[in-house]
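Atom set for the values below is all heavy atoms of this structure, side chains included, hydrogens, waters and symmetry mates excluded.
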Amino acid sequence: MLCSSFNSHSGGGDDDPDGNNNANGTASSRNFKLNQSTFLASLMPKTEIGVDRFLHSYPHYDGRGALIAIFDSGVDPAAAGLQVTSDGKPKILDILDCTGSGDIDTSKVVKADADGCISGASGASLAINTSWKNPSGEWHVGYKLVYELFTEKLTSRLKKERKKKWDEKNQEEIAKTVKQLNDFDQQHRKVEDAKLKKAREDLQNRLDLLRKQSESYNDKGPAIDAVVWYDGEVWRVALDTQSLEDDSDRGKLANFVPLTNYRTERKYGVFSKLDACTFVVNVYSDGNVLSIVTDSSPHGTHVAGIATAFHPEEPLLNGVAPGAQLISCKIGDSRLGSMETGTGLTRALIAAVEHKCDLINMSYGEPTFLPEYGRFVDLVNEVVNKHRLIFVSSAGNSGPALSTVGAPGGTSSSIIGVGAYVSPAMAAGAHCVVEPPSEGLEYTWSSRGPTADGDLGVSVSAPGGAIAPVPTWTLQRRMLMNGTSMSSPSACGGIALLISAMKAEGISVSPYSVRKALENTTVPIGNSPEDKLSTGQGLMQVDKCYEYIQQSQNIPYVWYQININQSGKTNPSSRGIYLREANACRQSTEWTVQVDPKFHEDADKIEDLAVFEECIELRSSDSTVVKTPEYLLLTHNGRTFNILVDPTNLCDGLHYYEVYGIDCKAPWRGPLFRIPITITKPVSVIDRPPQVSFSKMLFQPGCIERKYIEVPHGASWVEATMNISSFDTPRRFFVDTVQICPLQRPLKWRSVINFSSPASKSFTFRVVGGQTLELVIAQFWSSGIGSHESTNVDLKVVFHGVKASQEEIILDGSEAPVRVDAEALLASEKLTPVANLNKIRVPYRPIDAKISALSNDRDKLPSGKQMLALTLTYKFKLDDGAEIKPQIPFLNGRIYDTKFESQFYMISDSNKRVYSSGDAYPNSTKLPKGEYNLQLYVRHEDLQILEKMKHLVLFIERNLEDKDIFRLSFFSQPDGPLTGNGSFKTSTLIPGIKEGFYLGPPPKDKLPKNSLQGSVLVGSISYGKLSVSGQGEHKNPEKHPASYKISYIVPPNKIDKDKEKTSLSSKKTVSERLEEKVRDAKIKVLGGIEQESDEDRLEWNKLSALLKSEYPKYTLLLAKILEGLVSRNNIKDNFNHNKEIVNAANEVIGSIDREELAKSFALKNDPDDEEAEKTKKNLESTRDHLAEALYQKGLALAEIESLKELENSLASAATEGAKPDEQSKDNGVHPDSFDENFKELKKWVDVKCTKYGILLVTHERRSQRLGTALKVLTDIIQDDTEPAKKKLYELKLSLLEEIGWTHLATYERQWMLVRFPPTLPLF
């Protein structure tokens, strides 16, 4: 997830960082004024972190020699300021798509024909440039739908522009057709002749089709063909982009200037002038995989610009380190709207190590419930500790509540997590506020620490907003963005300056020493110790940091790992002390601290480890609360000491302390390690009914009030009312609540509330009884700026709760209800239970499981281990269109806090059309009726673990339609569900008195059709009634803040007794029945012959001839023979093959007494007469065989005519002098045969139906009524409930081309590749 917000102009943004315009960040700016230079400087803030002072002293240490890996959404090499460094070197050394979202399967190899053309993967014929060197003559081909490479915004712009041009062409055709229709009406005042009526109907159909097409237009984008070849030295790539161009001479493959891997030649391309989208290419797996790299968002380019942009024409707009170089590692997957994936993260780390990068910047992150845990964290630790990369990342934008830092930036010890700061200059310049704040401050939304295990979370702060370069496809040079996404590259750029200086001065670079220098030279933001939870150690200062590095360059590079356990407990261990709950604040606690010095892996055991010894003075920031020993002798093997924390005398609220170690011999080094101690002492709720009020809270812009409340046991939701008064201009407030529960993500609720005038607003949110609630009210940092009036806020918080004996309920599928006992522990509550089942989850096991080793190109870890991938295939069927979501409970919801590298799934139909893809956070997708494959792709290096996952259970979750949602009933009697008596609706709960009721199961006859045994209906249940109106919880329990999960396990289906009934005794003799069985068995064998090879066909011909001799007039046999002929593939002689079909169809038709059949259908049957019903079914079957024979005969006759016309046109010159009867030499087909056959078919079936409609299309086409033919075909396609049939769309395409509607033909051709891709895309 990106950690920023975008503004396309220079106005005030929603998310910005706190900062100062001077070194100490405290100077008053009431009279703050900008001039042109300070305005430009504010757009790319650097003064705040001491960059200007550092570069004034060291102008050549501007990042030169430093290499940064940008883990982001991709970087545009054509963006302003990202071409060269300040010393003329290439700015971007490599550009990689680590996600695979731009991968193209180019494993198909073709050779050029005599004309120098090849067949592209899209089906297009492509001319090869004769100057291209290709010693092998082998061309790898693939294709890509270009919108898959573009961002949503770019795609939206292109769709609008392409639709405009398409509409112009369509309108031209509409105008032509209207004129033809008017001309027809003028020529034929009265249309009585049947042919004329049909001719006019054809014109009207054409007009209607053109108009409807305009309404249903859905641009899936053009396809681009890709060609890859080896020129003897490198792999080369060329693209055919004609489909993007209006001019047919532009975009041709032969005119493309071939590219190779960006790293080799550092060249890029642009698809077309229309999109202005830059791309680069990389070839993997010996030419079998082509990666086209585009960005998935402007975010990555903006981040790169903040860190390193170089603008020689306007130095004030330079990034922080204009001399630094970078590699772009795209981790934001374009298929997921730029969400990061585990695959992308791992490949990015591999690339950073391979390129010997100095720094990594990652402005991405997600929530987590396990800090310092997971596969990615393990790999980062290896990269930092072994390869000495410095990893910088955003802390997140989920503030202002505490414990909102995201993973990995705010939760991993090896990563420098950066908070977002806004200075007065930034506010005045970049954000254009009327009156900037008097001091720099942390942005309101910047995430805060501590982590769940007590670590500080935020390391340092840096400017969190800038107007920086963006990709060329945005059609602007720069854009304002703000977020910790921006503070991270600001800090990273500052560190690049330090690395530049250290390398130039011969000082060894270590992430340990650099981080220590950063944290010990910051300028505090704010005046209280508690501000560290927001800002980290403070605002980084590059110049002071470098002085520290110079002074400490000869000191061993050590990171001090802290592990803390409460005395007497071995688990869980933590990195800090976090006393959050009320019981922990009512007594003193003792903690054991383990300090382990950690050296880099290449440290010398004798010269570094054995001699390491430090005398450390331990200090407490407040010894009245936190007591610690005075000294510690620390060696390489580490030491433990105890800390005593006594919060008993503290007032309610937030308190922050530190224990830190100082080098006795070099106190100037500052703290070597810090142990953060956070105490949130809550107020107790003693009023009954339980409520707490906070009155007359005064707010200025950026002001934050934190209230900590011990939620009473028995409370499950809060109803709060916020009154605001005493202000003039509109005000914007953040209201955040957080509770921390073990082994789950913080229970967080946030609302942004805007007030235009004094008013009162109410809101509700869920709480967990017995846990401390942090309730934060913050006036947005830029809200009310310019007004000198404080805002008065009164807040009333009322706790409610209904405690149920079973909060989460499982109905076992039986008829028995579930008893629930409810009670109100706090105050009287209205008991109004509501329960809905609105989803069904169907379990599936994989039908196939394959483990494969991934390529060495980009999936081999720095440790040398090879990554493996498990691909699981699941099949599921939808009887009706539905919105579904795949659920993999074992894997979902975790990107960082999981030991698995990645997961990815794709849902496709039988045509290989991909409808949806996703990862740890599955998407809901609307799918039409049909059968689908879901492929799940899981990566891990351990074969044994993947083997254990070969039978992983997957659920397909489907939303029930409103009419099918189960609104469950409640009863006061256990027999209520069956008798219908004793309905329970509502009651009043009195504290101390329990009340019981029964929840009935859903009615079995209303269960979703075809519900498989083991499926689970899921929904929600709520118990209490809200006093706040308008929530809608009385109908939908999910809208109640305190709702719980309810499940119903679908039982086995009832036995269909009708199926158990034995059929009536047959009147036939045993020998007759035996003969029938033998006959049917022979026919079954005939139908089972595949006919794939010539030998198979010969065997089939022999058997069919034998059976025909035995049963010459048996319709079922003749129909099976016809079916076998029709199903043949790879026909060499189409003409004779179709004649065979005609003959076979005639045999079927001849075996049926049509007159007798017609008479039988005219008779009415008694539905209670089983023999009559059986006879009726046999007649219907015979009728169907007749219709199928007529249908196939018609198709064959039309094909024979078509082939004959083609033959005649080719031989026209040779037969020019022949007599007419010679030219029409008998081909076995009478000219009127098709029409006669068609008329016969119309007698028996509706030829407009899906099954036989193609013959009607053919009939209309033969009559040159192409509009009617196209309308009939369009109706068939729309009414067809089966998966799309390629032959229907190919027929539609040919009709469009025959009519001459080229714009529609082009549109349909593009859709062909969507509906019928040749292969599934790569993961």
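Annotation: side chain of I495 is not in contact with side chain of C492 (no heavy-atom distance under 4.5 Å). In this structure, E901 and R347 have side chains that are not in contact, with every pair of non-hydrogen atoms separated by 4.5 Å or more. At least one side-chain heavy atom of K748 sits less than 4.5 Å from a side-chain heavy atom of S398. When side chains are defined from C-beta on, D72 does not count as touching K330, because their heavy atoms never get closer than 4.5 Å. Contact check for T678 versus I577: no side-chain heavy atoms found under the 4.5 Å cut-off. At a threshold of 4.5 Å between non-hydrogen side-chain atoms, the residues F369 and R894 count as touching.
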Exercise for the section: Test salt bridge (charged side-chain N to carboxylate O under 4.0 Å, His left out) on D596 and R639 and set out the steps. Expected result: CA-CA 7 Å; D596 289 308; R639 280 292 303 276; over 6 Å; no
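The closest side-chain donor-acceptor pair between Q553 and S508, if any, does not fall under 3.5 angstrom. One side chain, Y512 or N385, offers a donor N or O that lies under 3.5 Å from an acceptor on the other. Looking only at atom types and distance, the side chain of N520 has a donor-acceptor partner in the side chain of R674 under 3.5 Å away. Checked by atom type, the side-chain pair S414/N381 shows a donor-acceptor distance below 3.5 Å.
The number of heavy atoms from other shown groups lying within 6.0 Å of NZ (K899) is above 12. Other residues, nucleotides and ligands place no more than 12 heavy atoms under 6.0 Å from the CD1 atom of I606.
The CD1 atom of I562 lies 12.0 Å from the OG atom of S573; values are rounded to the nearest 0.5 Å.
Listed by first then second residue, pairs satisfying salt bridge (charged side-chain N to carboxylate O under 4.0 Å, His left out) with a partner in residues 389-412 number zero, not counting sequence neighbours.
With T411 as the fixed residue, the side chain to side chain contact (heavy atoms under 4.5 Å, CB included) test singles out one of D453, V377, V405: V405.
The six-membered or imidazole ring of F900 lies near that of H940, with a centre-to-centre distance under 6.0 Å.
Scanning both residues, S447 and A395, for their nearest heavy atoms gives CB-O, 3.5 Å. Scanning all heavy atoms of the two residues, the minimum distance from I740 to S403 falls at CD1-OG, 3.4 Å.
A donor-acceptor pair is defined here as one N or O able to donate and one able to accept, closer than 3.5 Å; no such pair exists between the side chain of N361 and the backbone of I70.
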